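Predicted model only: the values in this text are computed from it and were never measured. Naming: A, B, ... by sequence-line order, numbering from 1 per chain.
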There are 2 protein chains.
Amino acid sequence: MTRASARNVPEVTPLWLKLSSYLILKDEEKDYLSDLEKNIVRQTARTDLLQQGEKYRDVRVMREGWAIRHKALPDGRRQVVNFVLPGDIIGMYSTLFESADHSVTTLTAVEVACFPPERIVELFQSFPRLAAALAWSGAREEAIVAERLLSLGRRTALERTAHLIVELLRRLSTVNLVENGHFTLPVTQEILADALGLSIVHINRTLRRLRDSGLIELNGQRITVNDVRQLASVGQFDELYLHLIRAPKRLERAFSGDRRARSGDDKVEGRKM
Amino acid sequence: MTRASARNVPEVTPLWLKLSSYLILKDEEKDYLSDLEKNIVRQTARTDLLQQGEKYRDVRVMREGWAIRHKALPDGRRQVVNFVLPGDIIGMYSTLFESADHSVTTLTAVEVACFPPERIVELFQSFPRLAAALAWSGAREEAIVAERLLSLGRRTALERTAHLIVELLRRLSTVNLVENGHFTLPVTQEILADALGLSIVHINRTLRRLRDSGLIELNGQRITVNDVRQLASVGQFDELYLHLIRAPKRLERAFSGDRRARSGDDKVEGRKM
DNA sequence: CGATGTATTGAATACAGTCAATAAATGTGG
DNA sequence: CCACATTTATTGACTGTATTCAATACATCG
C-alpha cells in the first residue's frame, strides 16, 4: 500500500473500479490502465459508436454514460443484446473479426477512451494479471447475455423486468453509480422493450405492476429499488452469473510465481507428459 | 506445404478443422493442438460434463458427439444456451471464474479431450496465432448466443426454428458433418423447445409446418434441408454473425512481423505516446 | 408554444401455452 | 424375440399472456 510519492496517482476510472472488484491492482497496472484511457473522445446521445456490418476499428472503454449493444432484423425488429455501462469495454476482440455483427448506440452523452486493438495483445504479453482481469470482464459479459437468454426464453414479462433491474443495480454498484438503492436509468420504455423482447405497451404495464406493488419507484430517469431482495426473488435472480467474486485462488497462485514459468506448476503435478 | 517426413502427421480433429477455417495452421501449431487433445475421455449420452454451481476443472474439447450448455431456474424451467458441437471448447476461460453458472450435458455418447486451464495461458504465450484462433472461436460463441437472443426476443416460432436449423447446418459444415444437406440432429423436441424458448407442443407444430412446406425432411434423427436459401430466408438468417471469414489482414500482418514487436507497429503511426 | 417523442390506458386479437388423449418409438427384462 | 414400460411425438380443444390497434395524456425541445 506504500505509494511512491513521486508517482502521478492515476484517476480512479470505472474500468479501474470494475477490475478492482476482481483482483487487487498493482500500481504499475493502474498506470498502464490509466495510459490506455488517455485518448478520450466524447459523443452525444443517440449516436452510433459502431454500426452493424461496419469494419471494426478501435477498442473503446466506456468512461461515462450509457450505450446499448443491439442487433436488428431486416424488417426493423430490434433486440438489445446488452447495456454498455461505465467500465465496460466495446469490441475487445474486434481484431479477430472482419466486421461487426451488431451496433452500439449511445443513450446519453458519453465519454469513451479509444485505443488500437494491438494494445490488447501488448497487454496480454506484458501485464498478464490485467489481461486476466480483462478476460474475466469479457467472459462475464457473455454470462450476462446468456442469462438474458434465459430471461427471454423462460421468464415471464414481470420476472424479466425485475431481473433486469436487479442486474443493472448490481452492475452499477460495482462502479459506484448506485446510492441508497436508486440510480439513473437513461432509457425509454421502447429500449426496455427491445432489451426484454416485449412490446412497448406490455413493458409499460409491467412497470406499472412493479410500481403498484411498491417494489420500485420511477421518477423520470431516476429509479429507486425499495426492496432488492423481493425484486430479486420476483426475477428469480441468481447471484452466480455475475461472477462477482474475487479471482479464484488458483489464478492468484499462477500469478505469484515466476512469470515465465507459471504455465507449468499446476499442470505437472496432475499429469505426466 | 512440404512436410517433414520424420514428423508424425497429427490426426485431423474437428477443432483442427474449425480453426483452419479461420487461419492456415502451421505444422508446429497442429502438433501443439494434437498434444492438447491427447488426454481423451469418453462419456455416455445424457450425463453431465459440468453442473451449474460446481467448481470449474479442466478445459474440454468436444471431439465427437453433441452436448448442450443450459441454465435452469429454481422451478425447473430450462433454457438451452447453446449446442456444443464437435470442435467446440467447453470452459475455455474457466480459470477466471470460481464456479459454473450453467450446466453442460451430453446428448449423445461423446469423446472429449481434457487439459488443465494453465495450458491456455501457455498457449497464449507460445503460440499467439493459435491463441488468436481460439479467442476467435470463443468470441464467435458469444456472437452465436447474442444471435439466439435476437431469435428469442424478436423472431416468431417459425423463424426461430428455421434459423436454428440453418445455424446448425453452417456450424456442422465447418467440421465436415453435413453431407448433401442432411445431418444428424440428436435432439428431442423438448430440447429444441428449451433452446428456442417454446413449448414442446409448439415446436412440434412448427416443425410440422416446416415439413409440410417441404423445406426440411425429418427421419428419426436425420434431418434433410431441401432448400437452404429459402430456409435461411424464413429464418432471416444473417451470415455475418458466424464470422466465417478468414482472419482479417491486420491480424495476419501482426503475426508476420517480429513476435515481440508486433504490438507497436500500427499503434505508433496513429498517435504519439 | 406548436411539434415531436414518450408514456399510458382500453379494447380486440393472436401467437403460443396448457391440458389431455393417443400414437409411435425406444428400451428392458424375461 | 416378444411383452411391458417409458420416453417421445402428435394432434385437438381451450386458455392466457403478450401483441396490435387506437386514442389520449404528458414531456421535452427547439
Side-chain angles (χ1 to χ4, degrees), chain A residues 44-47 66 68 73 75-80 105-109 151-164 184-212 216-223 234, chain B residues 44-47 66 68 73 75-80 105-109 151-164 184-212 216-223 234:
Chain A
T44 58
R46 297 179 183 250
T47 54
W66 285 46
I68 45 174
L73 292 174
D75 62 12
R77 283 176 287 175
R78 188 177 66 157
Q79 178 64 41
V80 170
T105 305
T106 63
L107 296 178
T108 66
S151 271
L152 298 215
R154 291 303 183 219
R155 278 187 257 249
T156 66
L158 190 74
E159 291 166 347
R160 276 179 232 187
T161 310
H163 188 277
L164 177 62
T184 305
L185 187 67
V187 301
T188 63
Q189 296 188 353
E190 181 177 10
I191 284 165
L192 283 183
D194 284 343
L196 296 175
L198 299 168
S199 66
I200 301 180
V201 173
H202 202 57
I203 257 291
N204 184 288
R205 291 183 172 126
T206 307
L207 286 174
R208 164 141 298 287
R209 284 179 63 191
L210 284 176
R211 275 190 291 175
D212 289 349
I216 62 167
E217 279 168 46
L218 285 168
N219 303 288
Q221 300 204 323
R222 179 200 179 107
I223 181 171
V234 170
Chain B
T44 59
R46 296 173 184 253
T47 54
W66 285 46
I68 46 174
L73 292 174
D75 62 11
R77 284 176 286 176
R78 186 178 69 155
Q79 178 64 42
V80 171
T105 306
T106 62
L107 296 179
T108 65
S151 271
L152 298 217
R154 290 306 185 218
R155 277 188 256 249
T156 66
L158 190 74
E159 292 166 347
R160 275 179 232 187
T161 310
H163 189 278
L164 177 62
T184 304
L185 186 68
V187 301
T188 63
Q189 296 188 351
E190 180 176 11
I191 285 166
L192 283 183
D194 284 342
L196 296 175
L198 300 169
S199 66
I200 301 181
V201 173
H202 202 59
I203 257 291
N204 184 288
R205 293 185 170 124
T206 306
L207 286 174
R208 165 142 298 286
R209 283 179 64 192
L210 284 175
R211 275 192 290 177
D212 288 351
I216 62 166
E217 279 169 45
L218 285 168
N219 304 288
Q221 301 203 323
R222 179 199 180 107
I223 180 172
V234 169

**Study point:** Arg160(A) backbone acceptor or donor facing Ser151(A) side chain under 3.5 Å
**Key:**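 No; judged by distance alone, with no hydrogens or angles, the pair does not exist.
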
Check your understanding: Do side-chain atoms of Gln79(A) reach the backbone of Ala195(A) as a donor and acceptor pair under 3.5 angstrom?
Key ->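 Looks like yes, one N/O pair under 3.5 Å.
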
Rounded to whole Å, how long is the line connecting atom [atom1] of [X] with atom [atom2] of [N]?
{"X": "Leu152(B)", "N": "dA16(C)", "atom1": "CG", "atom2": "P", "result": "12 Å"}
{"X": "Ile203(B)", "N": "dG17(C)", "atom1": "CD1", "atom2": "P", "result": "9 Å"}
{"X": "Asp194(A)", "N": "dT6(C)", "atom1": "CG", "atom2": "C1'", "result": "14 Å"}
{"X": "Leu198(B)", "N": "dG16(D)", "atom1": "CG", "atom2": "P", "result": "20 Å"}
{"X": "His202(B)", "N": "dT15(D)", "atom1": "NE2", "atom2": "P", "result": "19 Å"}
{"X": "Glu159(A)", "N": "dT17(D)", "atom1": "CD", "atom2": "P", "result": "12 Å"}
{"X": "Gln221(B)", "N": "dG27(C)", "atom1": "CD", "atom2": "C1'", "result": "14 Å"}

Point to revise | Any Arg160(A) side-chain nitrogen or oxygen under 4.0 Å from OP1 or OP2 of dT17(D) | key: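 No, no such contact exists.
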
Review point. Reckon Arg46(A) has a side-chain N or O less than 4.0 Å from the OP1 or OP2 of dT6(C)?
Key: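 So the side-chain polar atoms of Arg46(A) do come within 4.0 Å of the phosphate oxygens OP1 or OP2 of dT6(C), strictly under.
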
**Study point:** Per-nucleotide protein contact string for nucleotides 7-14 of chain C (B base, S sugar-phosphate only, - none; heavy atom under 4.0 Å)
**Key:** SBBBB---

Review point. What string of B, S and - do you get for nucleotides 25-30 of chain D, 5' to 3', if B is base contact, S is sugar-phosphate-only contact and - is no contact with any protein heavy atom under 4.0 Å?
Key: ------

Check your understanding: Are side-chain heavy atoms of Leu207(A) and Thr161(A) found at a separation under 4.5 Å?
Key ->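 Yes, side chains in contact.
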
If every non-hydrogen atom of [X] is compared with every non-hydrogen atom of [Y], which pair is closest and at what distance?
{"X": "Thr44(B)", "Y": "Thr106(B)", "result": "O-OG1, 2.8 Å"}
{"X": "Leu152(A)", "Y": "Gly153(B)", "result": "CD1-CA, 3.5 Å"}
{"X": "Thr108(B)", "Y": "Trp66(B)", "result": "OG1-N, 3.0 Å"}
{"X": "Thr206(B)", "Y": "Leu158(B)", "result": "CG2-CA, 3.6 Å"}

Exercise for review: Only counting residues at least two apart or in another chain, list the ones meeting salt bridge (Lys or Arg N to Asp or Glu O under 4.0 Å) with Arg211(B).
Suggested key: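 For Arg211(B), no residue satisfies salt bridge (Lys or Arg N to Asp or Glu O under 4.0 Å) once neighbours in sequence are set aside.
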
Exercise for review: List in chain and number order the residues that pass salt bridge (Lys or Arg N to Asp or Glu O under 4.0 Å) with Arg46(A), two or more places apart in sequence or in another chain; answer none if no residue qualifies.
Suggested key: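 Scan of Arg46(A) (salt bridge (Lys or Arg N to Asp or Glu O under 4.0 Å), adjacent residues dropped) gives none.
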
Check your understanding: Applying salt bridge (charged side-chain N to carboxylate O under 4.0 Å, His left out), which residue pairs with at least one partner in residues 184-195 of chain B are found, sequence neighbours left out?
Key ->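 For residues 184-195 of chain B: Arg154(A)-Asp194(B), Arg78(B)-Asp194(B).
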
**Study point:** With Ile223(B), the side chain to side chain contact (heavy atoms under 4.5 Å, CB included) member among Ile216(B), Thr184(B), Val187(B), Leu210(B)
**Key:**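 For Ile223(B), the side chain to side chain contact (heavy atoms under 4.5 Å, CB included) test succeeds with only one of Ile216(B), Thr184(B), Val187(B), Leu210(B), which is Ile216(B).
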
Exercise for review: State, to the nearest 10°, the angle formed by the axis through the first five base pairs of the helix from dC1(C)-dG30(D) to dG30(C)-dC1(D) and the axis through its last five.
Suggested key: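 That helix gives 50° between its end axes.
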
